[in-house]
Amino acid sequence: MSLTYLEAIREAQFEALRQNPNVFLYGQDISTFGGAFKATKNLSREFPGRVFDSPISEDAMIGMAVGAAIEGARPIVEMQFADFSSVGFNQIVNQAATLFWRTNTPCPITIRLPSGGTPGSGPFHSQSMESIYAHYPGLVILTPATVEDAYWMLLESVEINDPVIFCEHKFLYYHLKSEDFGEAMPIGKARIARPGRDATIVTYSAMLHESLKAAEELRLDGYEVEVVDLRSVKPMDTDTILASVARTGRLLAVGESFPWGGVTAEIVARVSSEAFHLLDAPPMRLNSKDTPIPYHPNLWKSHRPTTGHISAALRDLLRY
Amino acid sequence: MSLTYLEAIREAQFEALRQNPNVFLYGQDISTFGGAFKATKNLSREFPGRVFDSPISEDAMIGMAVGAAIEGARPIVEMQFADFSSVGFNQIVNQAATLFWRTNTPCPITIRLPSGGTPGSGPFHSQSMESIYAHYPGLVILTPATVEDAYWMLLESVEINDPVIFCEHKFLYYHLKSEDFGEAMPIGKARIARPGRDATIVTYSAMLHESLKAAEELRLDGYEVEVVDLRSVKPMDTDTILASVARTGRLLAVGESFPWGGVTAEIVARVSSEAFHLLDAPPMRLNSKDTPIPYHPNLWKSHRPTTGHISAALRDLLRY
Amino acid sequence: MLSRTLEEKLGSLYRAGGRIVGGVYLGRGQEAFSAAAGIHLRWGKDVYGPLIRDQAGRIAYGEPILDTMRTYLGVVTGPMRGRDGNIHRGQPQKGYMAMISHLGSLVSVVSGALFARRLLGTLGDTVGATSIGDGGTSTGAFHEAINMAAVEKLPLVVSVANNQFAYSTPTSRQYACENLVDRAVGYGIDGHSVDGTDLLACLKVFRSAFQRTRAGHGPQMVVGRLLRLGGHGEHDDASYIPDVKKHEHEGRDCLIVAQQQAMDLGWATKAELDEWLKNARREVDKAQAQASKEPTPDPYRESWQALSTQRLAEGMGQ
Amino acid sequence: MLSRTLEEKLGSLYRAGGRIVGGVYLGRGQEAFSAAAGIHLRWGKDVYGPLIRDQAGRIAYGEPILDTMRTYLGVVTGPMRGRDGNIHRGQPQKGYMAMISHLGSLVSVVSGALFARRLLGTLGDTVGATSIGDGGTSTGAFHEAINMAAVEKLPLVVSVANNQFAYSTPTSRQYACENLVDRAVGYGIDGHSVDGTDLLACLKVFRSAFQRTRAGHGPQMVVGRLLRLGGHGEHDDASYIPDVKKHEHEGRDCLIVAQQQAMDLGWATKAELDEWLKNARREVDKAQAQASKEPTPDPYRESWQALSTQRLAEGMGQ
Ligand SMILES: Cc1ncc(C[n+]2csc(CCOP(=O)(O)OP(=O)(O)O)c2C)c(N)n1
Ligand SMILES: Cc1ncc(C[n+]2csc(CCOP(=O)(O)OP(=O)(O)O)c2C)c(N)n1
Ligand SMILES: [Mg+2]
Ligand SMILES: [Mg+2]
């Protein structure tokens with residue numbers, strides 16, 4: 001049996017609903033219809049009365065989840081696309097994220113954001129918002145890159161007593177497959193997705209796979225590039241990053257969100273500040289371009305980093 | 001005559017209204033009442049029919065400004081506090097910021113965000129959101145630190161054919177005074193607020209003044225710290241930053257927004273990537289703490305960077 | 001006059017019917033309602049902010065079919081130059097607003113344009129119109145914008161196409177009132193209800209709504225009851241639309257109704273209608289042929305600049 | 001019974017009247033309306049999400065005066081521990097929600113709590129209540145939340161305190177309908193209108209609203225017409241409130257009205273009322289004296305952790 005990343009997300013929700021009667025799902029078209037991507041397929045049938053279609057009201061959806069969490073429920077909220085969470089932004093960063101700090105009341109909600117670009121999706125169905133949410137205190141930001149992580153991290157999200165922004169990547173939904181869900185790895189730890197000694201790529205989500213391909217390309221040139229999969233961008237596992245850079249002396253941070261600030265700037269800033277002496281070359285970063293995400297696949301392919309861009313950056317980095 | 005930072009903002013709006021009949025003001029309580037901070041005091045009387053009280057509808061306020069800009073008007077929108085722009089977030093980052101790129105139609109709107117902390121203001125009347133907005137393509141983010149910049153940059157904002165997020169700092173409203181508005185300096189250029197040779201602080205807005213005080217403290221220890229005032233965080237004047245670091249070899253980035261990602265990470269990442277060889281010590285950064293902004297002044301004083309924190313960081317940096 | 005109007009309308013309906021290759025979110029079943037609004041708007045003069053299912057309204061408004069085709073095909077000659085696509089197209093400088101995906105957020109933009117025109121003295125007899133679906137009425141953006149338009153008493157007509165579903169979500173999970181038109185009184189604006197499958201009725205109600213708004217009575221809300229005859233997008237088989245019987249009346253095809261009306265009133269014969277359809281098909285084919293020949297965007301020639309102000313652009317490429 | 005209710009109410013009104021040192025946003029003129037809602041709620045049982053001007057409602061609900069005082073003084077013994085202040089206080093674990101500043105955004109939180117109780121089987125006969133001002137009704141958050149509560153048919157009472165101004169903004173710049181209660185029908189919920197200066201009337205209308213919502217009739221909207229007797233905050237002299245005459249009726253002090261009502265109905269004599277006032281003052285003074293002695297927060301003992309999950313905290317201090 002082979003499971004996709006999308007199926008892993010469904011299965012994790014199935015498991016969460018099965019294990020804990022306090023879990024419920026709330027989102028647009030997620031009940032009978034099973035969601036725009038079918039991430040909740042059949043769940044309304046398997047768990048009657050626990051999967052709800054919501055009105056098109058992202059602000060109220062998050063607010064309602066916060067209220068439910070206060071009462072001991074553990075809601076999983078699906079945003080139809082990450083991009084639409086901009087409408088629920090205030091409730092996420094000001095209501096959910098501050099609740100515990102202000103009132104000592106835990107806020108166990110999981111917000112699923114179908115994230116990232118796919119061809120032809122355009123400026124409003126392609127965004128990667130992890131950099132935005134990670135800026136705010138009080139949120140946990142997860143960015144699974146594998147089928148296994150999609151499953152285990154979503155399941156663990158529901159157990160976490162804080163608001164989790166679960167950035168699942170739409171490009172991986174069908175592309176990525178695995179035989180089983182393997183072993184759980186704790187949230188907060190990065191993973192060495194590929195060991196190497198000449199340079200370190202720190203990345204996450206769909207960019208992991210582009211990076212792995214680039215590392216493979218560089219192997220043909222005789223380089224061993226280490227690839228670190230962050231898994232969660234906040235908390236960010238600085239120790240694992242620094243240990244890798246200690247081995248390789250070279251850093252390339254790769255992300256799919258917009259280039260100004262965000263995950264890759266945070267990676268580079270941490271490494272430069274905390275492990276300056278370990279660096280043999282200037283740290284580099286690679287992001288999407290500083291424009292909205294283009295509709296036409298020709299443009300889109302150039303907008304986000306892909307294997308070609310990453311290989312080219314690596315060559316620059318290694319040449320230094 | 002002595003003018004405050006707040007008066008500069010009023011005067012700039014007066015001048016904008018006077019110079020250009022297409023300018024109008026839209027915001028909560030800004031008409032007869034003159035705004036929560038009196039930044040539009042008397043303007044409704046001086047320019048009848050051009051200063052409007054809006055309903056409490058931040059989303060629609062921004063949308064309406066975009067529509068008006070499309071028709072050739074040049075709206076200045078006041079958010080009562082920067083924090084409330086979270087409700088207009090979607091219209092800012094997805095409607096206003098993408099308009100030109102998508103449709104080739106300029107979007108000359110200025111959004112004034114009374115930003116930053118003051119004692120007792122708490123989590124929702126103290127935020128600095130420049131790091132959030134700067135992440136998005138299509139926006140210009142201004143962060144004036146002086147009375148002169150408050151005046152000239154606001155006046156220039158209105159002339160810019162793109163959406164401008166004007167982050168004016170509430171702590172400076174009354175504290176900061178100047179004899180006159182001096183000379184305009186173009187947006188996009190940073191300013192050496194204090195020359196030095198031993199270390200560079202790159203900062204902006206209210207943190208400029210804390211940084212200048214810290215630099216003064218360090219002078220007593222015999223150090224000459226250069227202080228760069230970014231003025232606009234996006235575009236960020238990398239050339240001026242790098243030229244300063246070339247002189248001093250040491251970098252400390254100071255900002256008031258939350259610590260994860262954002263302006264200081266961007267500064268450190270740029271310098272590390274583009275001028276690695278110029279650095280004699282690991283670059284450092286200083287931000288607010290990673291919690292909501294506290295209500296009680298005791299906590300608040302420790303939450304954001306102040307002279308003491310900056311001096312301590314500088315000493316670490318210089319000791320390296 | 002009415003006949004002429006109707007003629008244009010039917011033409012547009014046909015074209016909307018013989019719809020575009022690559023189109024994804026269709027307005028099948030909503031053409032009469034959409035076109036009846038669009039026909040009251042003057043291309044290049046009035047402000048129009050159409051939504052997903054307003055192909056018919058767009059044509060009635062005056063958008064050239066070629067622009068539609070170019071946008072769907074993403075060629076650089078189209079108004080969106082491949083940067084954005086399909087239903088997001090528009091030409092804001094002409095008053096033809098380009099929606100973003102976030103439902104509800106276009107209403108305030110259309111309002112802002114009208115507000116500015118009044119302020120700048122360019123309003124004249126122009127008006128604005130925009131649309132929303134039953135689902136979109138649940139957004140805060142929609143509420144804020146309607147309320148603001150009411151406060152500003154703008155000359156705006158808002159069509160609410162209640163097609164009984166928002167994607168798969170039935171109205172029972174979207175709102176709890178009897179009829180969405182009941183919201184009008186709470187905003188202090190005029191509300192109109194109409195059978196959205198009946199072209200003549202739609203024309204009539206929109207004519208009166210536009211008259212009223214032009215006469216200074218402020219925003220008008222027109223709620224049309226109809227049914228989306230198809231999936232949400234072309235990928236969707238709409239298997240969740242449960243009992244066709246339940247939707248018997250709204251479920252009738254407004255296009256067939258309109259043709260019958262045209263014949264009954266003697267505005268067109270069956271032969272003429274067939275001829276229009278043929279012409280429409282020909283026109284669509286022609287546009288498609290033309291657009292297909294045109295160049296798709298080239299990333300190396302793309303400016304990759306989100307700002308219009310060159311000197312402030314950072315050019316943060318890879 | 002009614003007498004007892006009223007007694008508690010008056011007590012709370014008095015306390016609300018002899019209000020707290022350091023308080024900034026007062027509910028003067030709104031006590032009757034606020035308390036009439038709060039009195040129907042059971043501390044530790046029902047869900048209450050009060051807003052800025054609900055001091056009276058909070059007391060009627062059962063919040064200890066000492067918590068109020070501690071929060072205003074920012075001492076660590078208060079429910080907010082100096083981290084947040086004044087009107088933002090609450091104890092969510094008890095069903096007493098702690099508002100954030102963003103108007104409208106608490107309504108969905110209160111709804112969510114009720115939704116969860118129903119789902120988890122803990123609802124029983126409990127209900128929820130929350131408030132909004134005339135200005136707050138313009139927020140998208142408010143609209144989305146009310147609509148959602150209506151769809152979910154939650155046992156929720158929403159008080160709309162129409163005090164004629166939002167900060168300085170008169171209702172003519174806030175909405176265009178006749179009466180905000182006209183929005184109820186558009187949400188498909190019950191609407192009630194009341195003279196917010198008349199305690200007896202307020203008690204009556206809220207009693208019926210709470211009865212109806214408890215009986216399964218879904219959300220209830222109660223609109224009270226009144227006037228804010230003072231500035232928006234204590235820094236504001238409200239010089240923009242133009243013609244007192246215009247607001248003659250709403251402008252009367254609900255507290256005086258209530259006292260008169262109590263005496264007319266023989267529930268209390270003038271002497272008793274005076275005694276209550278004295279007691280209230282004493283209680284407030286006592287709370288103030290106690291809270292003043294308690295420690296303010298110490299940044300060195302503060303955890304500076306925004307997450308409850310220790311192992312996921314980054315501790316990004318300076
Ligand atoms: C704010 C927001 N949330 C979610 C979506 C995703 N979405 C696109 S269309 C749609 C359904 C719209 O339903 P309705 O408004 O009734 O219009 P219809 O498709 O029926 O014409 C949804 C949920 C969106 N576009 N915007
Ligand atoms: C979303 C949002 N925008 C702006 C504000 C700033 N603000 C605080 S109170 C207030 C006026 C509120 O008026 P109303 O709702 O009528 O309540 P009242 O003060 O009259 O009781 C405003 C604009 C806010 N709190 N939230
Ligand atoms: Mg619909
Ligand atoms: Mg009010």
Side-chain angles (χ1 to χ4, degrees), chain C residues 102-108 111 115 132-156 158 160 162 166 169-191 193 213 216-221 223, chain D residues 102-108 111 115 132-156 158 160 162 166 169-191 193 213 216-221 223:
Chain C
H102 300 70
L103 293 168
S105 59
L106 192 63
V107 183
S108 55
S111 300
F115 182 88
I132 198 82
D134 41 294
T137 62
S138 300
T139 63
F142 180 71
H143 168 76
E144 292 193 0
I146 294 282
N147 182 59
M148 183 180 277
V151 166
E152 306 292 357
K153 232 176 188 320
L154 297 171
L156 174 71
V158 179
V160 181
N162 187 347
T169 304
T171 50
S172 61
R173 292 289 306 163
Q174 198 69 241
Y175 58 79
C177 61
E178 279 296 303
N179 185 331
L180 285 170
V181 81
D182 295 343
R183 300 224 167 139
V185 60
Y187 293 116
I189 63 177
D190 293 336
S193 249
T213 206
H217 297 288
Q220 307 286 311
M221 179 187 281
V223 179
Chain D
H102 300 72
L103 293 168
S105 58
L106 191 62
V107 184
S108 54
S111 300
F115 183 88
I132 198 82
D134 42 293
T137 63
S138 300
T139 62
F142 180 71
H143 168 76
E144 292 193 0
I146 294 282
N147 182 59
M148 183 180 277
V151 167
E152 306 292 356
K153 231 174 189 325
L154 297 171
L156 174 71
V158 178
V160 181
N162 187 347
T169 304
T171 50
S172 62
R173 294 290 304 163
Q174 198 69 244
Y175 59 79
C177 59
E178 279 297 303
N179 185 331
L180 285 170
V181 81
D182 296 344
R183 300 225 167 139
V185 58
Y187 292 116
I189 63 177
D190 293 338
S193 249
T213 207
H217 296 290
Q220 308 286 311
M221 177 185 283
V223 180

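Everything numeric here is computed off the predicted structure, so don't read it as measured data. Chain letters run A, B, ... following the sequence lines, proteins first and then strands; every chain starts at 1.
Note that CG of D/N147 is 5.0 Å distant from CZ of C/R183, once rounded to the nearest 0.5 Å. Summarising the geometry, atom CE belonging to D/M148 is positioned 8.5 Å from atom CZ belonging to C/R173; distances are rounded to the nearest 0.5 Å.
Of the two parts of C/Q174, only the backbone, made up of N, CA, C and O, holds a non-hydrogen atom closer than 4.5 Å to a non-hydrogen atom of chain D.
Contact count versus chain D (heavy atoms, under 4.5 Å) is highest, among C/A184, C/G104, C/S138, for C/S138.
Heavy-atom minimum distance, D/D182 versus C/V185: O-CG1, 4.0 Å.
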